[in-house]
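Worth saying up front: this structure is predicted, and the values here are computed from it rather than measured.
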Amino acid sequence: MLRFIVRRLALLVPILLGLSVLLFAWVRALPGGPAYALLGERATPEAVAAIESQLGLDRPLWEQYLQFLGRAVRLDFGASLQTGQPVIEEMLRRFPATIELALAALLIAVCVGIPLGYLAARRYGTWIDSLAVTGSLLGVTIPIFFLAYILKYVFAVELGWLPTAGRSDPRARADHPTGFYVLDGIITGNLDASWDAIQHLILPALALSSIPLAVIVRITRASVLNVVNEDYVRTAEAKGLLPGTITWRHVLKNAMLPVTTVIGLQLGVLLAGAVLTETVFAFAGVGKFMADGIVQRDFPTIQGFILVIAVVYVVINMIVDLVYGLLDPRVRVS
C-alpha cells in the first residue's frame with residue numbers, strides 16, 4: 001500500500017507542472033497579450049509598455065515561466081483589480097462559502113442518488129426504473145443556471161418559502177469565526193443563524209446538485225445491475241440468506257466501488273462549477289468572485305482561480321485513487 005501511495009504522489013509532480021505550463025501558455029495566447037487583456041479600451045502603447053514591465057512580460061519566455069512558477073508555489077497571484085487585496089487572501093475569505101455549497105450539493109446528490117439508483121436497478125424495466133433514467137437524463141441536460149432561475153422564481157419569488165439570494169439575512173447578527181455559516185452558528189450557539197444559513201443554502205445546493213445527482217443515479221444503477229448478476233449473489237440467494245444481508249454484504253458493498261470514485265470526482269466538479277450557481281443566487285463564494293473578475297477583466301483573479309481549482313481537483317482525484325486502493329486491493333498492483 002505504501003508503494004501505491006508513493007506512486008500516486010509522484011504522479012502529482014508532472015501533472016501540476018503540466019497544468020502550470022497550460023495556464024502560462026493560455027495567458028500568453030490572450031488576444032494582444034495579458035497587458036491588453038488587463039487594460040482593455042485603455043490600452044495605449046505607453047500603458048501597455050508599463051504593464052509589461054511591471055509584470056515582467058518583456059523578459060524571455062523561460063524566465064517569465066520560472067517567475068510564474070515561483071510565484072504560484074508561494075500562492076502569490078498578485079493583487080485583485082476589484083479590491084486591491086492579494087488574490088489568495090480574497091479566495092481564502094470566500095472559499096468556505098463555496099466549500100459549504102459544494103458539500104451541501106454533494107450531500108443531496110449522494111442521499112438521493114444512491115437509493116434512487118439502487119431502487120431503479122432492483123426494479124429494472126418497471127416505471128420506477130424508467131422514471132429514474134428519464135430524470136437522470138433531464139438532470140444532465142438542463143443547464144444549471146436555467147434550473148437555478150426556475151427554482152429561484154418558484155420557491156423564492158412566487159411562493160416565498162426560501163430566500164432569493166445571499167448567504168444569510170443581512171439583518172441577522174451572527175459571528176462567523178470559520179466562514180462556514182452553518183457550522184459557525186452551531187459553534188457560537190446561535191442556532192437561528194445556522195437555520196438561516198441552511199435556508200439560504202437549499203436552493204443553490206439543489207440547483208448545483210442536479211448534474212452530480214444524475215451521474216450518481218446512473219452509475220449506481222449500472223453498478224448494481226452488474227453486481228446482482230454475479231455468481232456470488234445468486235449463491236447467497238440460493239443459500240437462503242436474508243434479503244437485507246444480501247443487499248448490504250454482497251450487492252452494495254461491491255457496487256459502491258465505482259460509485260465512490262464518481263462521488264469523489266464530482267466534489268471537484270462542484271467546486272469548479274459553482275460559478276453560475278453563485279452568480280444567480282448572489283452567493284458570496286469564490287465562483288461569484290471569479291464571475292465578477294471575468295466581467296471586470298480582473299486577470300490576476302482569473303489566473304489564481306483556475307490554478308487553485310485545478311490543483312484542488314487533482315488532489316481530490318489523488319485522494320479518490322487512494323481510497324479506491326483501500327477499498328479494492330486489486331487496484332494497488334496497477
Check: Who else is in the cluster with Leu107 when I, L, V, M, F, W and Y are joined by side-chain contacts under 4.5 Å?
Finding: none

Check: Side chains of Phe283 and Thr277: closer than 4.5 Å at any heavy-atom pair?
Finding: no

Checklist line | Partner residues of Tyr181 under the ring-ring contact (aromatic ring centres under 6.0 Å, His included) criterion, sequence neighbours left out | finding: His176

Notebook entry, point to check: Given side chains that start at C-beta, do those of Phe155 and Ile202 come closer than 4.5 Å, heavy atoms only?
Noted result: no

Note to self: What I'd like to find out is whether the side chain of Arg221 reaches to under 4.5 Å of the side chain of Val133, using heavy atoms alone.
What the structure shows: yes

Item checked: For Asp196, salt bridge (Lys or Arg N to Asp or Glu O under 4.0 Å) partners two or more places apart -> none

Item checked: Distance (rounded to the nearest 0.5 Å) between His200 NE2 and Trp195 CH2 -> 12.0 Å

Notebook entry, point to check: Side chains of Ser210 and Ile142: does their closest heavy-atom pair fall under 4.5 Å?
Noted result: no

Notebook entry, point to check: side chain to side chain donor-acceptor pair (under 3.5 Å) with Tyr153: which residues, sequence neighbours excluded?
Noted result: Glu158

Next item on the list: Any chance you could pull the hydrophobic cluster mates of Trp127, using side-chain heavy atoms under 4.5 angstrom and chaining through other members?
Entry: Leu119, Ile128, Leu131

Check: Can you name the side-chain contact (heavy atoms from CB on, under 4.5 Å) partners of Leu103, sequence neighbours left out?
Finding: Ile99, Leu267

Notebook entry, point to check: Sequence neighbours excluded, which residues qualify as side chain to side chain donor-acceptor pair (under 3.5 Å) partners of Lys288?
Noted result: Asp292

Check: Quick one: does Asp76's side chain get under 4.5 Å of Ile88's, heavy atoms only?
Finding: no

Next item on the list: Quickly, which of Leu208, Leu147, Leu162 forms a side chain to side chain contact (heavy atoms under 4.5 Å, CB included) with Leu203? Name it, please.
Entry: Leu162

Notebook entry, point to check: Tell me the side chain to side chain donor-acceptor pair (under 3.5 Å) pairs involving residues 137-152, sequence neighbours left out?
Noted result: none

Check: Can you list every pair that meets side chain to side chain donor-acceptor pair (under 3.5 Å) and has a residue in residues 98-110, with sequence neighbours left out?
Finding: Thr98-Glu278, Glu100-Arg167

Next item on the list: Please identify each residue that fulfils salt bridge (Lys or Arg N to Asp or Glu O under 4.0 Å) with Arg218, with sequence neighbours left out.
Entry: none

Notebook entry, point to check: Looking at residues at least two apart in the chain, or sitting in another chain, which of them share a side chain to side chain donor-acceptor pair (under 3.5 Å) with Thr178?
Noted result: Asp184

Note to self: List the residues meeting side chain to side chain donor-acceptor pair (under 3.5 Å) with Ser20, not counting sequence neighbours, and say none if there are none.
What the structure shows: Tyr65

Check: Side chains of Val286 and Val308: closer than 4.5 Å at any heavy-atom pair?
Finding: no

Notebook entry, point to check: Are side-chain heavy atoms of Val311 and Val314 found at a separation under 4.5 Å?
Noted result: no

